[in-house]
Structure formats: structure tokens, C-alpha cells
Amino acid sequence: MSAEAADREAVSGSRPCTPPQASWFEFLLDPSLLEQHLQGRHPGICLPNSTYIWTWIFLMKCGYSRNYILSDFLFLSFCLIDSLTIPVLNMLLNELLCASRVPPGVKHVDLDLSTLPPTTAMAVLIYNRWAIRTIVLSSFPEKQTKPGPHQLNIEQAADSITVLEGALNIKKDFYIHTLRTLDLLAADPSTANGETESSTAGLRISADHLHCQVHYDLGGIHFQQGCSDPSVYEKAREHFRMARELLTKLDSSASLCCVDEQRLAGYWSACKTLTEASDPSESQLTPYGQISCFMRNHDYGLVVYSFNILFVCLCVLNDRDRSLEEVCHKLCVCNAVRDALEGGVLSVSFHQLLLKPSKNTISFLLEVCTRSLDKEHRSETSKRKMAIFIKTVCNRLEDVSLAFTVSSHKLFMELLHDEEKKILMEQMRKTSATVNLSAKQLPSFYDIPASASVNISQLEQQLILSLDPRHIRQILIELHGMAERPFWRVNSKWEVPVDYVNVILAIKDNLTRDLVYILMAKGLHCISIKDFAHARQLFTACLELVTEFSPKLRQVMLNELLLMEVRGHEAGAAEGNMERPPPDLVSRVRGYLEMRIHDLPLRQTVGEECVVFMLNWRENEYLTLQVPQSLVNSNPYIKLGQLIASTCKELPGPKESRRTAKELWEVVVQICSVSSQHKRSSDGRVSLLKQRESSLVNEVTAEHISIWPSSLANLQSVDVEAVVVTLKELVNYALSLNPNNQSWLCTQADIYFVTNQYSAAMHYYLQAGTVCSDYFTKPVPPDVYTDQVLKRMIKCCSLLNCHTQVAVLCQFLREVDYMTAFKALQEQNSHDSMDSFYDYIWDVTILEYLTCILFKDPISDQHNLAIKAIGQTELNSSNPEEVLQLAAQKRKKKFLQALAKLYF
């Protein structure tokens, strides 16, 4: 077989689901079988074995004569349209253009189709219709095509549109090649040319048939383009209108006009809605037509009626002068109440509505709930369902003012038990801090009318939920007027760092002490959930308060505000915002690291995160050259940061210049060392365990590992278990930031390998290969799948009892490991589906051995599959080297893709 033929098979061939009933070579030996095979096959239906048969016929005829492609073209075009890839179809269609005498070197858009022979013009139209349909189908989620060198571009689409629009001006019939005309061309192109150019040769396609399909295709491409240019929807609608009119004229039993009538109807309905075109004759026929008509006329009450939702909406809705958005929200609310009372699941749209509802929406919801129970849902079961619904709403509401609107409503008071109310209030407190409050300030506490129902318990609940500093202060003033006790203890979840507790509790004024403690606790909680806007409000208010009486607490709040800004910027970077931090923030971080204030409580995490911030944004010049040496000697975090920065700077240099790498190594070893008080060297088992753990760590490969020492002088002093845990956490975090880093993926795989988690190890070894080979469509670079990695993959498969996989992987090594492959093939308890992997073996020696060990049962399926595998012509040792290499690469790709499906 030629290298060209093998290459084409590698692109378009696919493994058969079942062997064909007739051998492929029979079709070559007896050409009449082709026509017999085609008879009775409806175009568009692809039988399970069609791809197998026709790919072989196509490839073998390519090897004998290029012209023989044509006799198979119709079947390949119509029967295999869903089985062949875009590049192969593009190749086949280009062969049709060539055989149909389309002038070479001339763009289709420059051709006058009316002057071309009928079969030539038809070939041009077939190609451009296919191009348009491929572009349209690629926009559907289930028809996404993988980008590649043959991907059709926008310019090609524009040319194809022009060609098809020109075809609509041709009123005469068209002709398409048949097997007879194609065979004539294949036999003697010079003599057949006259007949195929005549007006009667081939299969006649009426102008109406062709125009119907062209209108449908043009409508589809214009509809797709309407996403970026809404005015194009008018063109799409006109083409779909013409297609519908022509379709009614044509014989419905004719098979030549292949238009998806159901999709055409959907296109037509969508275009009418998008272009706001009215069609009174159709608006009454379908629910979609009725609803579309009501919406155009702004009859939202009739829209509600058409949806047949909960009955109360008709008496609650006042549709006059209401925006469509408001009506949609009210429909969503009514449907949700209906679902709740009927025991259904609340819709996603309702949950989304509760993320940022308006006050009117919540009021409307409560009114619908009230009227629902007042009218006909008065049973205890209905009340219980309504109570559950109200609890769900409360848990979803994150605006404090709206939460209190619900919790103070009579339904809340009447339907929920006291214990439920208590639990719900606590849940509302947790939820309230997770989203931004309305920009509008809450009403002043003193604007609330005095009421006997406002008691300490209710005020404490408001204190727990509120995130507005002014509101918190007003509540505390009222509470201290009712009772003298420490209200910072109201919620056990309020916590401040132990470094600050004594300073805050030393404040003499009880109200001020409560306010400082609560503002700081709430601010720290907001930072922990990345609600930096509220954290800034709370910390700023606290800073203004403590500035009046405590310079020490003022500096504490400045430090916490700095930490908040650092974390806020890092959170933005984690979400993809890679803008460098403002100079002011970098300057404040430097100021904190160099700060020396006597008797000032400092949190360790602030210093750590400031150093990490400088490292993350590569402020290496400051850490390596500008930071004062006295600060390096006195601050261990800065010392470690300086060593990391220096090592990173020296990485591109020669190995002998990496002096700081050794210093960094010694510092890290010291950090991971166990103090003398905790040593247990007298226990021999502990020593043995450390040696084992150390050897496991040494088996893990990583990027830049060559700069580190290969051994430890004092292994007994190192807490190897801590090293292992740290390494795992570090790699997990690194992969969370960049899951496609093949070096880190290999390191993760090694960690799982040395900890005996072989299935997980295979997952990451395969993932490392996937990211650097475009899902194994390209060869995996040899520096990724080294012999060491491949041997570990072989061991993983062996220990997982997947012995046929072992045999296949042995071929991947630079020197094939025949002994391991032979031993694996002899195993009887293999857990993989053995014979399904025979097709992936390309080494003839391994295939011969496999055939021999299966010879004891020559009629078994496994033996037959092995014989079939070794009998493939592309594995013949007399083939050119490039053909053998191509056969190996094809099997490598398919095998690795099969493994990925197993382990992913």
C-alpha cells in the first residue's frame, strides 16, 4: 500500500463496530457488487459496516486509478456524510469538481453557472451547499466540529452565499452525475465528456427542487449571522418563506428534496418573532403564534392566561402600563407558588430571580402566597407546603431589608413554629453576608416608630444580620439603653484574632468596645467570603472610630485594611484580572514589612501574605536588592522571600551560578526539621519508616529538580511526612491555577504512583499527555513520555491487572520490552477486555507471539482477532519505513485515546 493511501486511511478510517458481511476486496474484484449494494439503500442512512467497506474500496481504488474515486462518490457523499471528517469530505468534493470539468484556478464566485454544462454547474452548487451547511451545523452544540486546517472561514462563507444566490436566477433544470456517467468518466474521460455535458445525461433535478434547498441553506446561514447583525434576520425570513412555498408545490414523496421540514418550521417561527412580522392567518394556529401576537400588542394579561398559570395571578396582575420584564418576574413568582403548593420543584429561573429581587417583587410574592391560602388552599397540608416555601425564600434572600420584609410578614408569624423561626433567623444571618446589599441606605433606626413589639431579641437578630456600620451603631445604642451587658457575645461566630482581643476588651466604654469588636469581626468574616466591598465599609468605619482614642488600634486597623486590599487584589488575579497592583498598594506593603512600632500587636499572617504578594507580582528587585539587610536578618518571612526571589532570578543561568538555591534548600530543610524534643530515633521502626518515605519523595520528578541536592546529610532530623503533605498540597494548588501544566501533571502522577494509587496515577500520566498533544491527535513529545514515565505506566497497568495494556505500552519504549510484553500476554486474569486492544499492537514480533499462545484454541474469537491484526497490510515489514511509522502512530493515538476514556 502506498504511503499516500495509508495516510488517507489514518485520517478518515474508523474501526468497524462489527465485521462486514462481505469482504471488502470482493467489491474490488466484482464491480457489479457496488451497484447491487447501493440498490435498496435510502440516501442518508449509514449502515454499521458502510464506513468500513467504502473506506477500503475508496482507498484501494485510489491506489489503482485516481478516476475510480468518482464511481464511489455518490455513496460516500450521501451515505457516509455523518461518518467522514470535514477534510475527507472536502477532498471528495474537490475530486467531483475536478472530474466535472470545473475550470481550475477560477474562484467559484467568478463563474457564470448559466453558461456551464448542467453537471458542472451542479457540482459547483453541491460543493457550496455543503460548505454552507457545514458552517451552519458547526454552530449547533451537538454538531460542534473541531477546529483544524480544513475549517471553513468567513470569506469562504461569503463566496458560497454569492454562488448560491446566483443559482436562484437560473430557471432551467439541473443534472447530477449518476454511477453510469461517473463510470464513463472513469473509463475514458475524453469520450464521455460529450455525453456528460449534454442536457440529458445524469439524474434530472428540477429548478424548484434545487431552489427550495438553496433557499433553505441560505436562510440557515443568514439566521446564524443574525446573532451579530440582527438586520440579517429579514433575509433569513425571506429565504425560509420561499423554501416553504416551494416545498408545498413539490411532491412530498420525492426523495430528491432533502429539507428538514420540522427545523424549517422552527426557523420560520423564530424569524417571525425576531423580525416582529405579523401573520394573522397563522397566529391563531399554534400557542407560539398566539403568545407572539399578544406580546407584540403588549397584551401581557393574555400572555399570562395563555400560560395557564396559578389562578391568583389573574386577580393580582394589573397588566396596564407594565413593562415586559416586570410581567415576566410576576409570572415566575406565580409559577413558583403553584409549584410549591403542588409539591413540585422550584425552577432555576425563580432561584435566579431571588438573587437580586426588587422590593415590589417580594411584596407581590407575599400577596400571591396570602391569596393562595385565602382562596382554596386552606388545608394543613397546603399550609405546611407554604411554610416550607417561605423558609426557602428566606434562605435565598441575601438583602437584609428584604429578609426582614418576609420575616415580619403575618405568614411568617402564623405558619412557622418558634423553633423554625429561630433556626431560620440564624440561617438568614449566614446568608446575608455573602452578597452586596442595596446601594440605598437602610432607614435610620430612629425613623422606626416605637413599638412594644420591638424587644431585645428582635434587635439582636437585626444586629446579627446587618452589615451597615451606621445601622449596627444605632442598634447597639438602643440595646445599651435597654440592658447593660456585653453584646459582642450575642453571636458565638463573631471572632477576632487573639492578638487583638486584649487590646479591644481593654476599651473602657462598653458601647465602644462592643462596636469595635463587632465591626472587626464582621469585616474579617466578609474578607473570608471575598465580600471585600462590605469589609471595606466595616473596617473604614472602625478605623474612624478608633482614631479618636487609640493610636495602637488605629495602626491595627490600617494593617487589616492593607491585608484586605492584598487579598482583594489576589482574588481578582485568581479570577483572571492580571493587572499589576497600583504603586500605592506596593508602597504600603513595603511600609508594613519595614515597620517597627513598639508594643504593637501584629498578626503573623499579615507579614506572610505581604511577602507572598511581593513574590506573586515579581517584586524581586526589592526583595533581593532593596530590602534592608537588618530586616532580612530579623524577619524570617522576608529572609525566605528573598531566597525564593533570588533562586527564581538565577534559574535561567548556568547551574554553577545558582548559589542561592543551596541556601534556600538549607532553610527549607530547617523548616521541615523536627526539634530535638520530638526525635524518636531510638525507635528503629520510626527510622525505617522515614527511610521509606524519603525514598518515595525521591522518586517524584518535578521541573527544575536538578538544582536541588540529591541527598540529605541528616535524614533523621527531617519530618518527611510533613514534606509529603506539603508537596501534595502545593501540587494540588498549582494545578488549580494551571490545570494544563504537563510538568505539574507528571509530578502529581508520580505522587500517586509512589503512594500506590495506580488508577489515579494513570489518570494524571494520561492527562499530561493529553494537554501537550491536543488529546493525542499529535505525537506526545518524548520529553513528556520518557522511558521512566512509560515504565511507571506499565507498572500501574500491571498492578491493576490490565495485562494487554501492558503489552501495548511495551511498544512505546525506545527499546521494546519484549520480555515484559510476553509475560503480560500469558496472564490469564487480565481485567481489561484483552482482545479489544489487539488492534493497537503494531510490533509484528509481539503479534506473532500472541498468535502462537492463542493457537491452542484456533477457532476462538481471540485467535481470529489476533490473526486479523497480524494480517493487516500496513504492518507488512516490506512496506516503506514511513508507512510503518504512520501505522504505529495511528495505533498509538487510538490506544492512548482509548486509555483516556477508561481512566478519565
Side-chain angles (χ1 to χ4, degrees), residues 1-3 5-6 9-10 13-26 28 49 51-53 55-56 59-60 790-791 793-899 902:
M1 182 186 297
S2 67
E9 181 185 6
S14 59
R15 296 179 63 204
C17 299
T18 57
Q21 296 178 353
S23 298
W24 57 267
F25 56 80
E26 294 183 44
L28 298 175
N49 59 352
T51 303
Y52 179 81
I53 295 174
T55 301
W56 271 107
L59 293 172
M60 292 304 296
L790 290 170
K791 288 178 180 178
M793 293 173 70
I794 289 171
K795 185 175 181 180
C796 288
C797 292
S798 177
L799 293 170
L800 292 170
N801 287 329
C802 298
H803 299 294
T804 315
Q805 296 173 22
V806 171
V808 178
L809 282 171
C810 286
Q811 304 172 109
F812 283 68
L813 297 168
R814 287 183 174 84
E815 295 292 334
V816 180
D817 187 352
Y818 289 110
M819 295 303 296
T820 303
F822 294 165
K823 182 180 178 182
L825 292 174
Q826 291 175 350
E827 294 288 343
Q828 299 297 319
N829 63 335
S830 186
H831 289 174
D832 54 12
S833 51
M834 299 178 68
D835 50 1
S836 65
F837 290 97
Y838 292 169
D839 282 347
Y840 305 131
I841 301 177
W842 66 87
D843 188 280
V844 177
T845 303
I846 296 178
L847 281 171
E848 288 175 345
Y849 183 83
L850 176 63
T851 306
C852 290
I853 63 176
L854 295 174
F855 185 72
K856 59 185 179 180
D857 189 6
I859 63 173
S860 68
D861 291 339
Q862 290 185 355
H863 183 266
N864 292 336
L865 289 172
I867 292 294
K868 177 185 170 184
I870 200 173
Q872 297 177 84
T873 56
E874 60 183 347
L875 298 182
N876 193 318
S877 58
S878 62
N879 283 340
E881 182 62 25
E882 61 268 21
V883 175
L884 295 174
Q885 288 295 327
L886 186 62
Q889 286 299 331
K890 182 180 72 173
R891 285 161 175 77
K892 283 183 180 180
K893 176 189 76 171
K894 291 185 177 181
F895 172 68
L896 291 173
Q897 289 174 342
L899 283 189
L902 289 175

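Here, residue 1 is the first one in the sequence, and each next residue gets the next number. Every heavy atom of this structure was used, including side-chain atoms; hydrogens, water molecules and symmetry mates were not.
Side-chain atoms of Gln826 and Tyr849 include a donor-acceptor pair closer than 3.5 Å.
In terms of heavy-atom proximity, Ala807 sits nearest to Ala824 at N-CB, 4.3 Å. Here the closest heavy-atom approach between residue Phe812 and residue Leu790 is recorded as O-CD1, 3.6 Å.
Within the 3.5 Å criterion, the main-chain N or O of Asp843 finds a donor-acceptor partner in the side chain of Gln811. In terms of modelled atom types and a separation under 3.5 Å, the side chain of Asp817 and the main chain of Cys810 share no donor-acceptor contact. Remark: side-chain polar atoms of Ser798 are not paired, donor with acceptor, to backbone N or O of Ile794 under 3.5 angstrom.
A 4.5 Å side-chain heavy-atom check between Thr851 and Ile867 finds at least one atom pair inside the cut-off. Side-chain atoms of Lys894 and Asp839, non-hydrogen and from C-beta on, never get closer than 4.5 Å to each other. With contacts defined as side-chain heavy-atom distances shorter than 4.5 Å, the pair Phe822/Thr845 qualifies. Counting heavy atoms from C-beta on, the side chains of Ser877 and Val844 never come closer than 4.5 Å. Inter-residue side-chain proximity for Leu847 and Leu875 is flagged as met; some heavy-atom pair is nearer than 4.5 Å. Inter-residue side-chain proximity for Asn801 and His803 is flagged as met; some heavy-atom pair is nearer than 4.5 Å. Looking only at side-chain heavy atoms (C-beta outward), Trp842 and Leu884 stay at 4.5 Å or farther from each other.
Put simply, NZ on Lys795 and CG on Leu809 are 15.0 Å apart, with the number rounded to the nearest 0.5 Å. The distance from the CZ atom of Arg891 to the OH atom of Tyr838 is 15.5 Å, given to the nearest 0.5 Å. A distance of 8.5 Å separates CG of Leu850 from CD1 of Ile870, quoted to the nearest 0.5 Å.
Qualifying side-chain hydrogen bond (donor to acceptor under 3.5 Å, both in side chains) partners for Glu815, counting only residues two or more places apart in sequence or in other chains: none. A search for side-chain hydrogen bond (donor to acceptor under 3.5 Å, both in side chains) contacts involving Gln889 returns nothing, not counting sequence neighbours. Partners of Ser878 according to the side-chain hydrogen bond (donor to acceptor under 3.5 Å, both in side chains) rule, which considers only residues two or more places apart in sequence or in another chain, are Asn876.
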